[in-house]
There are 2 protein chains.
Amino acid sequence: MTSEPAESIRTAGLRVTAQRLAVLGALDGMPHADTEALHRAVRRTLPGITLQSVYVVLGALTEAGLIRRIEPAGSPALYERRIGDNHHHAICSRCGAVQDVDCVVGHAPCLHPSDAAGFAVQTAEVTFWGLCPACQNA
Amino acid sequence: MTSEPAESIRTAGLRVTAQRLAVLGALDGMPHADTEALHRAVRRTLPGITLQSVYVVLGALTEAGLIRRIEPAGSPALYERRIGDNHHHAICSRCGAVQDVDCVVGHAPCLHPSDAAGFAVQTAEVTFWGLCPACQNA
DNA sequence: CCGTTATTACGAATAATTCACAATAAGCCC
DNA sequence: GGGCTTATTGTGAATTATTCGTAATAACGG
Ligand SMILES: [Mn+2]
Ligand SMILES: [Mn+2]
Ligand SMILES: [Zn+2]
Ligand SMILES: [Zn+2]
């Protein structure tokens, strides 16, 4: 079996670089991380990498569909490797903690817009806002 | 019947100012407008108003619950006067056009995550991404 | 009409992200 | 493996959206 991440990068028509491998690697341990956090993490193995390069790498990987970007209100963009399943997120309105939530498409009255006014809807993005377990004690 | 917007501002515990009335007034004609668009609009009746003041006004009105702020991915914050009904939005991924989508349930949270991992969910924010009628012809 | 205090204006600062362009290195051909 | 082409990265600056500190102004209660 070949190196999985390298393979997926190449298959996406992109060149395999140390920076891209490092970002993918870092993302494994920290789902829903922002660019700066990823930069700090990647720096441990790739000390010279620039923040701007992390931005570029994340942009390329996102566009290639290898990672997913979410942009919660009031937060910088977050990235994750879990893709292809259109899952949703619960976000703590107090501390910003992010939890994956499995797609609720089955029993979801609000996910079928009765009147989308002619929109050709491709995806339904759901964000649950509330308090995480830790923040409920306060 | 008294002046409706002034009344609601006062009831919220805020002072009634020309700037706040002007922003609310502008918002009537342009739902889902961003701060700069509102600034341009308000300037027509209040030439001296600063962009920063529009930011402050929008912040105060939002915090008071008199208007609602949405922050779609890739867009500056948008504001609207339609509040209290927990409605959703269809957004064109190409041109950014925003359409209101009625909530089938009507009250928050209209959806329940299958597994929220202990989150106390207060609202479910749903955004439908797709192509608006105009952009489908392209 | 006065005084208190919230609100606005002014100027600058910050946070997140993008851009232009030169330096580097991946992948391909030989 | 060595060179060539071109994608990618690094460098430095610019941009966009928003916030902050503080002085000037104006709303509202008395
Ligand atoms: Mn996720
Ligand atoms: Mn709306
Ligand atoms: Zn929390
Ligand atoms: Zn459109």
Side-chain angles (χ1 to χ4, degrees), chain A residues 2-3 5-26 32-40 42-43 45-64 66-67 69-79 96 98, chain B residues 2-3 5-26 32-40 42-43 45-64 66-67 69-79 96 98:
Chain A
T2 92
S3 172
E7 202 60 27
S8 63
I9 293 175
R10 211 183 320 265
T11 303
L14 298 175
R15 291 187 183 174
V16 179
T17 69
Q19 290 86 341
R20 286 171 178 169
L21 289 172
V23 167
L24 279 184
H32 313 122
D34 65 21
T35 308
E36 278 203 78
L38 285 166
H39 182 222
R40 281 194 301 274
V42 167
R43 258 189 180 168
T45 57
L46 228 61
I49 194 172
T50 310
L51 175 62
Q52 287 87 331
S53 292
V54 178
Y55 271 104
V56 171
V57 164
L58 289 170
L61 294 179
T62 301
E63 193 157 357
L66 296 177
I67 62 176
R69 176 192 354 234
I70 63 175
E71 298 179 46
S75 157
L78 308 178
Y79 297 87
V98 179
Chain B
T2 93
S3 173
E7 202 59 29
S8 62
I9 293 176
R10 211 182 321 266
T11 302
L14 299 175
R15 292 187 182 174
V16 179
T17 69
Q19 290 86 340
R20 285 171 179 170
L21 289 173
V23 167
L24 279 185
H32 314 121
D34 65 21
T35 309
E36 279 202 80
L38 286 166
H39 182 223
R40 281 193 303 272
V42 168
R43 256 187 180 170
T45 56
L46 227 62
I49 193 172
T50 309
L51 174 61
Q52 286 87 329
S53 291
V54 178
Y55 271 104
V56 171
V57 164
L58 289 170
L61 295 179
T62 301
E63 194 157 356
L66 297 178
I67 62 177
R69 176 191 357 232
I70 63 173
E71 298 180 46
S75 157
L78 308 179
Y79 297 87
V98 179

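Bear in mind that the values here come from a model prediction, so they are computed numbers and not experimental data. Letters A, B, ... mirror the listed sequences (proteins, then strands); counts begin at 1.
Taking five base pairs at each end of the helix from C:dC1-D:dG30 to C:dC30-D:dG1, the local helix axes there meet at an angle of 40°, rounded to 10°.
In terms of heavy-atom proximity, B:A77 sits nearest to B:E71 at CB-CG, 4.0 Å. Considering all non-hydrogen atoms of both residues, A:A33 and A:L38 come closest at CB-CG, 3.9 Å.
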Decide side chain to side chain contact (heavy atoms under 4.5 Å, CB included) for A:V23 and A:I67; before the verdict, give the C-alpha distance in whole Å, the side-chain angles of both, and the deciding distance to 0.1 Å. CA-CA 10 Å; A:V23 167; A:I67 62 176; 5.6 Å; no
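Judged by closest nucleotide on DNA chain D, A:G48 is the one of A:G48 and B:T35 placed further toward the 5' end. Where A:L46 and B:T17 each meet DNA chain D at their nearest nucleotide, the meeting point lying more 5' is that of A:L46.
Considering CD1 of B:I70 and CG of B:D34, their distance stands at 11.0 Å, rounded to 0.5 Å. Considering CD1 of A:I9 and CG of A:L24, their distance stands at 5.0 Å, rounded to 0.5 Å.
Among the atoms of the strands shown, none is found under 4.0 Å from any heavy atom of B:A18.
Using a 4.5 Å heavy-atom cutoff, the side chains of B:L78 and B:P72 are in contact.
In this structure, the side-chain hydrogen bond (donor to acceptor under 3.5 Å, both in side chains) partners of A:R69, at least two apart in sequence or on a different chain, are A:Y79. Applying the ring-ring contact (aromatic ring centres under 6.0 Å, His included) test to A:H39 and every residue at least two apart in sequence or in another chain returns nothing.
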Just distance, no hydrogens or angles: give the donor-acceptor pairs under 3.5 Å from side chains in residues 47-59 of chain A, sequence neighbours left out.
none

Return all side-chain donor-acceptor pairs below 3.5 angstrom for residues 11-22 of chain B, not counting sequence neighbours, or 'none' if the list is empty.
from  : atom 1 : to    : atom 2 : distance (Å)
B:T11 : OG1    : B:E7  : O      : 2.7
B:T17 : OG1    : B:R20 : N      : 3.1
B:R20 : NH1    : B:R15 : O      : 2.8

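First and last contacting nucleotides of DNA chain D toward chain A (any atom under 4.0 angstrom from a heavy atom, 5' to 3' order): D:dT6 to D:dA13. Chain A approaches DNA chain C over the interval C:dA16 to C:dG27, counting the first and last nucleotide 5' to 3' with an atom under 4.0 Å from its heavy atoms.
Contacts between residues 49-62 of chain A and DNA chain C, defined by a heavy-atom separation under 4.0 Å, are made by A:Q52, A:Y55.
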